[in-house]
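Have a look at the structure below, then the notes.
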2 protein chains.
Amino acid sequence: MLTMLMTSTTSSGEIPLEARTLAERVFQQLQDAIVRGELPAGSKITEPGLAQAYGISRGPLREAMRRLEAHRLIEREPHVGARVVKLSMRELLELFDMREALESMAARLAARHMTVEEVQALRDVLVAHEEQGDLDQAEAYYQREGDLDFHYLIVRGSHNRMLMTTLCDDLYYLVRLYRTQYSARGGRPQRAFIEHHRIVDAIASGDEELAEQLMRRHVIAARQTVAERYAMSLDDDRELPGGNRKALSRRPPSV
Amino acid sequence: MLTMLMTSTTSSGEIPLEARTLAERVFQQLQDAIVRGELPAGSKITEPGLAQAYGISRGPLREAMRRLEAHRLIEREPHVGARVVKLSMRELLELFDMREALESMAARLAARHMTVEEVQALRDVLVAHEEQGDLDQAEAYYQREGDLDFHYLIVRGSHNRMLMTTLCDDLYYLVRLYRTQYSARGGRPQRAFIEHHRIVDAIASGDEELAEQLMRRHVIAARQTVAERYAMSLDDDRELPGGNRKALSRRPPSV
DNA sequence: GTTTCCCTGATTGTTGACAATGCTCATGAC
DNA sequence: GTCATGAGCATTGTCAACAATCAGGGAAAC
């Protein structure tokens, strides 16, 4: 399963199987718990509670929280407390704008720098997606993770460390958080597959301009899907006042 | 003086005149000390030393250091220590790629969202630059800060909070660090002024495409200047082996 | 002379206790 | 019934001491 690519790729790129320090370990655990929805978006975090839950003292915990804060996964207010970040629709769309800018640049750099082995790995991921997609539509969640693997590999293919850390260590965690927050999984997969293939082809042929442009459109399309569905959900609410809010999670967007 | 715009614009946008907590205050102080070169790039940081220097205990200091680490201003190794980040030329060029992606997006969004008041403020900054530039070339440092003010205002004009924090709270501090690290100030000012004016005009007329494209070229030009000068400095070193390495700081680039 | 090992000192990691701040809820005035 | 007030409590901020780890230097072995 390629999904393990997702687990924290620090700037140096290695995957720390066992964190050297408590603060490091609890940081990763909290990051995971937030992204997986164990700590719900918007829920309040109390230091004594977490410290007891993870069996550590407040010192390392606070350091971990400071890192989470810098990664925008929690929000703190001095002397008051911290809570898990809750993405508003506006912030989610802002996130897509940033992805458009950074991932299109990543695709351009990937077309310039990726090795043949890296391109092949990318193709393998695509094939894995499609086979999995055929298998079972209910497994859409893993497919979604796999989709991020695709973007992940392209970012790494840019060979730009700063871009990698910004996207992989910061933005992508927020993207995953959005999925759990809005119960968003799967969606427009067939179209996304086609787009993915075209992007890989552009990268493989070293066409920087095309790779950038295709990735840009790919992200824009995903953004638009989110925006449209949000507007639809508002209409639904108007028709069914005070009720059914499931529209947001019914047909979630891709990528 | 507009330079005060630079001092830490947290996500909410307000400027914390007096930090509510020790960790917060020492974080800002350290951030400043690093960017201003008081703590030289690459120098080792020891917790007892800093704690004594700032008159606090190691607890809040460590939290501040965690934040600095997340902002990429220091690098830590578990059980060993921390040192101020030292930008290699490769990383510096990577930084420019990110700026190209993000700032061109910011310019596009600014053209879409900026109010007439914000555009006017932007024009005022430009005028202030030029007057200051005429006054004294030795004051280039402040002019440089002013130049960042220009970019700063555009980013804020994007009305995209995530973009603002990423650029203003993360990248721009690294840009300033690069200036002190390579003693880089001023450079190609007249050309930059022209480009700045064109960008503002495009934003004022609401031409998103043009604003984006002009900003992209502006950043690319700056990147190219840096790259060329670096290549030149390497040539110089070949001609003067083991000696004069000042070439890097002799004619530093502009934005 | 070189290498290896161990010891010492210093630094980092962690903890529990104390101080300061903010929130909650009950009480009372209007 | 509503709103202001204040005490009590929980939570956050800070500190100093203890444990674990690493870097450097000197002595011994080859």
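First the proteins, then the strands, lettered A, B, ... as listed; each starts at 1.
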| request: In whole angstrom, give the distance that lies between atom CD1 of B/Ile45 and atom P of C/dG13. | output: 13 Å
| query | Does a salt bridge link A/Glu24 with A/Arg67, judged by any charged N lying under 4.0 Å from a carboxylate O? | reply | yes
| Leading and trailing nucleotides of DNA chain D with any atom under 4.0 Å from heavy atoms of chain B | D/dG13 to D/dA23
| field | Side-chain ion pair, A/Arg90 and A/Glu94, N-O less than 4.0 Å | value | yes
| message | According to side-chain hydrogen bond (donor to acceptor under 3.5 Å, both in side chains), who are the partners of B/Glu77, at least two apart in sequence or on a separate chain? | response | none
| message | Test of understanding: with side-chain contact (heavy atoms from CB on, under 4.5 Å), list the residues that count as partners of B/Ala64, not counting sequence neighbours. | response | B/Val26, B/Phe27
| request: Not counting sequence neighbours, list each pair that qualifies as a ring pair (Phe, Tyr, Trp, His ring centres under 6.0 Å) and has a residue in residues 30-61 of chain B. | output: none
| NA contact type, B/Gly59, heavy-atom cut-off 4.0 Å: base, sugar-phosphate, or nothing? | nothing
| Rounding to a whole Å, what distance do you find between B/Glu24:CD and C/dT21:P? | 16 Å
| remark: In numerical order, the residues of residues 70-84 of chain A whose heavy atoms come under 4.0 Å of DNA chain D are A/Arg76, A/Pro78, A/His79, A/Val80, A/Gly81
| Length of the line joining B/Arg66:CZ and C/dT12:P, which is rounded to integer Å | 12 Å
| said: Tell me every residue that passes side-chain contact (heavy atoms from CB on, under 4.5 Å) with B/Lys44, counting only those two or more places apart in sequence or in another chain. | reply: B/Arg83
| query | Quick one, which residues of residues 47-55 of chain A touch DNA chain D with a heavy atom under 4.0 Å? | reply | A/Glu47, A/Pro48
| request: Would you please name every residue forming a salt bridge (Lys or Arg N to Asp or Glu O under 4.0 Å) with B/Asp170, sequence neighbours left out? | output: none
| task | Name the nucleic acid region contacted by B/Pro60, choosing base, sugar-phosphate or nothing; use a 4.0 angstrom heavy-atom cut-off, strictly under. | result | sugar-phosphate
| Nearest-Å distance for atom pair CD1/P, residues A/Ile56 and C/dT15 | 7 Å
| task | Can you sort out the partners of A/His159 under ring pair (Phe, Tyr, Trp, His ring centres under 6.0 Å), two or more places apart, ordered by chain and number? | result | none
| message | What contact category does A/Leu61 fall into here, base, sugar-phosphate, or nothing, at under 4.0 angstrom with non-hydrogen atoms? | response | nothing
| said: According to side-chain hydrogen bond (donor to acceptor under 3.5 Å, both in side chains), who are the partners of A/Thr166, at least two apart in sequence or on a separate chain? | reply: B/Arg72
| Who passes salt bridge (Lys or Arg N to Asp or Glu O under 4.0 Å) against A/Glu75, sequence neighbours left out? | none
| field | C/dG13 base / B/Arg58 side chain donor-acceptor hit below 3.5 Å | value | yes
| query | Nearest-Å distance, CE (B/Met65) to P (C/dT11)? | reply | 13 Å
Name each donor-acceptor pair under 3.5 Å that joins a side chain in residues 46-53 of chain A to protein atoms two or more places apart or in another chain, with its distance.
{"from": "A/Thr46", "atom 1": "OG1", "to": "A/Gly49", "atom 2": "N", "distance (Å)": "3.2"}
{"from": "A/Glu47", "atom 1": "OE1", "to": "A/Arg58", "atom 2": "NE", "distance (Å)": "3.0"}
{"from": "A/Glu47", "atom 1": "OE1", "to": "A/Arg58", "atom 2": "NH2", "distance (Å)": "3.0"}
{"from": "A/Glu47", "atom 1": "OE1", "to": "A/Arg62", "atom 2": "NH1", "distance (Å)": "3.3"}
{"from": "A/Glu47", "atom 1": "OE2", "to": "A/Arg62", "atom 2": "NH1", "distance (Å)": "2.9"}
{"from": "A/Glu47", "atom 1": "OE2", "to": "A/Arg76", "atom 2": "NH2", "distance (Å)": "3.2"}

